[in-house]
There are 2 protein chains.
Amino acid sequence: MSKKEALTRAAADLLWERGYTGTSPAMILERAQAGQGSMYHHFSGKAELAVAAMVQMSDQLRARTEDALGGDGSAVSRINAFLDLERDPLAGCRIGRLTQDHDVVSDDVLRAPAAEFFSWVEGRLAGVLADGVRTGELRADTRPDVMASLIIAAVQGGYTLARAHQDPAAFRQAVDGVKQVVGNLVAGSGRG
Amino acid sequence: MSKKEALTRAAADLLWERGYTGTSPAMILERAQAGQGSMYHHFSGKAELAVAAMVQMSDQLRARTEDALGGDGSAVSRINAFLDLERDPLAGCRIGRLTQDHDVVSDDVLRAPAAEFFSWVEGRLAGVLADGVRTGELRADTRPDVMASLIIAAVQGGYTLARAHQDPAAFRQAVDGVKQVVGNLVAGSGRG
DNA sequence: GTCTATAGTAGGATAGAC
DNA sequence: GTCTATCCTACTATAGAC
């Protein structure tokens with residue numbers, strides 16, 4: 001593994017654990033087993049390295065999400081596959097946690113990977129829901145974009161609750177709620 | 001206003017804006033117009049001052065929340081009043097944002113105010129929903145605790161989306177989704 | 001490309017005067 | 001109670017050798 005790759009991976013891990021402000025170049029260098037020179041040779045500084053790490057994390061999350069949502073089952077089963085993706089509630093979302101960081105949100109270059117990631121996920125979820133409406137699986141009055149927002153917000157907020165309580169069950173309960181809601185979108189469902 | 005109070009308020013503002021790790025004692029002192037001595041006289045250090053600020057923020061949020069949920073209208077109208085509380089989506093939640101801070105979550109003393117706040121809100125929301133079930137306003141198969149989790153998670157996640165996109169509309173869309181879901185809990189509602 | 005040495009600034013806390 | 005002066009460490013970046 002090249003030093004550049006080691007630096008990007010170490011930065012990604014630390015951004016996840018400690019956020020942007022809470023991560024120093026020195027920590028990254030130690031974890032990557034690299035010296036100052038390697039980092040400043042490959043990147044202009046902390047910000048550029050962080051963007052590279054964020055893009056890497058975003059790409060990985062996007063691939064995992066597409067695996068779940070791109071299946072050939074029903075819309076509900078694809079949404080449930082997304083909700084059932086393996087996650088670490090206490091660790092939080094690799095991307096979402098960075099949106100709470102002042103230095104990230106106040107810099108468009110640092111914020112861009114997060115904005116793009118969420119735009120993509122919301123669009124993908126809405127697309128699956130729209131498929132379900134089109135095939136008649138879901139009620140005709142389902143609003144795909146609003147429900148997509150609710151789904152991704154519930155996941156992100158579930159992380160917040162789990163971290164506040166230091167209890168993964170808090171995440172699962174919020175996700176259970178959203179699963180129930182999605183189930184009730186099915187045309188002719190018991191709730192309907 | 002005493003220096004102690006000025007310090008607590010300044011710390012609360014900065015914790016909201018920049019988080020725990022991103023806020024330094026020097027910033028707090030400057031905003032509070034106080035010297036080092038004042039801070040270290042009234043508090044043992046940054047952590048103790050942060051706890052005081054968090055408790056202050058939690059108390060304020062709790063009062064505002066109780067105003068909305070403690071009304072005498074229907075369960076749905078009380079939940080909607082909570083969802084319609086004036087918020088600043090781009091600024092985020094005063095308490096929720098701190099759960100993304102590594103130094104806060106890894107210290108039980110710093111985490112406690114956040115854990116207690118969310119426990120209270122979740123319990124209060126579940127209580128309102130249970131009231132609705134008891135009076136027959138809401139369907140008998142409504143699960144108050146699960147729906148309470150979904151509601152507060154959607155709000156917290158709504159902040160995440162709004163900050164990622166730097167667009168308050170992203171918050172409102174997630175909240176719209178949860179309003180629609182709550183409306184569908186009403187016994188005999190159109191969706192039902 | 002990678003390293004160590006160095007530098008300037010800021011973070012967090014203490015000491016002691018008033 | 002409040003202030004300023006001081007201390008040690010960490011953060012972020014640069015310089016220059018290899």
Side-chain angles (χ1 to χ4, degrees), chain A residues 1-54 56 97-98 100-111, chain B residues 1-56 97-98 100-111 113:
Chain A
M1 182 167 53
S2 70
K3 290 283 183 185
K4 183 172 182 177
E5 198 177 337
L7 285 164
T8 308
R9 289 192 191 186
D13 286 350
L14 283 162
L15 287 176
W16 189 18
E17 290 171 25
R18 312 187 57 95
Y20 181 77
T21 302
T23 298
S24 71
M27 293 178 200
I28 298 171
L29 297 175
E30 185 187 354
R31 191 169 297 207
Q33 302 253 63
Q36 302 264 72
S38 293
M39 174 177 147
Y40 286 102
H41 174 74
H42 293 291
F43 304 97
S44 64
K46 175 182 172 177
E48 196 172 295
L49 171 51
V51 168
M54 289 170 71
Q56 185 185 82
R97 73 113 57 232
L98 293 170
Q100 299 302 317
D101 203 304
H102 176 269
D103 292 342
V104 170
V105 165
S106 61
D107 179 339
D108 283 346
V109 175
L110 283 169
R111 184 176 57 81
Chain B
M1 183 166 54
S2 70
K3 290 282 182 185
K4 183 173 182 178
E5 198 178 336
L7 285 164
T8 308
R9 289 192 192 186
D13 286 350
L14 283 162
L15 287 176
W16 189 19
E17 290 172 25
R18 312 186 57 95
Y20 181 77
T21 302
T23 297
S24 71
M27 293 178 199
I28 298 171
L29 297 175
E30 185 186 354
R31 191 169 299 206
Q33 303 253 63
Q36 302 263 73
S38 293
M39 174 176 146
Y40 286 102
H41 174 75
H42 293 292
F43 304 96
S44 64
K46 175 181 173 179
E48 195 172 296
L49 172 50
V51 168
M54 288 169 72
V55 168
Q56 186 185 81
R97 73 113 58 231
L98 294 170
Q100 300 301 318
D101 203 303
H102 175 270
D103 293 342
V104 171
V105 165
S106 61
D107 179 339
D108 284 344
V109 174
L110 283 169
R111 185 176 56 82

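None of these values were measured; they are calculated from a predicted model. A note on names: the letters A, B, ... follow the listed sequences, proteins ahead of strands, and every chain is numbered from 1.
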Enquirer: Just verifying a value: how many Å separate B:Arg31 CZ and B:Leu7 CG, rounded to the nearest 0.5 Å?
Expert: 12.5 Å

Enquirer: Given B:Tyr20, which partner from the list B:Leu14, B:Val105, B:Val104 fulfils the side chain to side chain contact (heavy atoms under 4.5 Å, CB included) test?
Expert: B:Val104

Enquirer: D:dT4 P sits how many Å from B:Gln33 CD, rounded?
Expert: 11 Å

Enquirer: When the distance from CG of B:Leu29 to C1' of C:dG11 is rounded to whole Å, what number comes out?
Expert: 12 Å

Enquirer: Can you tell me how far C1' of D:dC11 sits from CD of A:Glu30, to the nearest Å?
Expert: 14 Å

Enquirer: Under the side chain to side chain contact (heavy atoms under 4.5 Å, CB included) rule, what do A:Phe43 and A:Val51 come out as? Steps first, then yes or no, please.
Expert: CA-CA 10 Å; A:Phe43 304 97; A:Val51 168; over 6 Å; no

Enquirer: When the distance from CG of A:Asp103 to C1' of C:dA10 is rounded to whole Å, what number comes out?
Expert: 14 Å

Enquirer: Between A:Lys3 and A:Gly35, is there a donor-acceptor pair closer than 3.5 Å when you use the side chain of the first and the backbone of the second?
Expert: no

Enquirer: How close or far is atom C1' of C:dG1 from atom CE of A:Met1, stated in whole angstroms?
Expert: 16 Å

Enquirer: Take the protein atom CZ of B:Phe43 and the nucleotide atom P of D:dT2, then report the distance between them rounded to whole Å.
Expert: 11 Å

Enquirer: Phosphate oxygens OP1/OP2 of D:dT2: is one of them under 4.0 Å from a side-chain N or O of B:His42?
Expert: yes

Enquirer: B:Gln56 and B:Thr8: which non-hydrogen atoms are nearest, and at how many Å?
Expert: NE2-CG2, 3.6 Å

Enquirer: Using a strict heavy-atom distance below 4.0 Å, which residues from residues 2-16 of chain A are in contact with DNA chain D?
Expert: none

Enquirer: If the sugar-phosphate is the primed atoms plus P, OP1 and OP2 and the base is the rest, what is the B/S/- string for nucleotides 12-18 of chain C, using protein heavy atoms under 4.0 Å?
Expert: SBB----

Enquirer: Starting from the C-alpha separation in whole Å, work towards a yes-or-no answer on side chain to side chain contact (heavy atoms under 4.5 Å, CB included) for B:Arg111 and B:Leu98.
Expert: CA-CA 8 Å; B:Arg111 185 176 56 82; B:Leu98 294 170; over 6 Å; no

Enquirer: Look up atom NE2 in A:His102 and atom CG in A:Asp107, then write down how far apart they are to the nearest 0.5 Å.
Expert: 11.0 Å

Enquirer: Rounded to the nearest 0.5 Å, how far apart are CG of B:Leu110 and CD of B:Glu48?
Expert: 10.5 Å

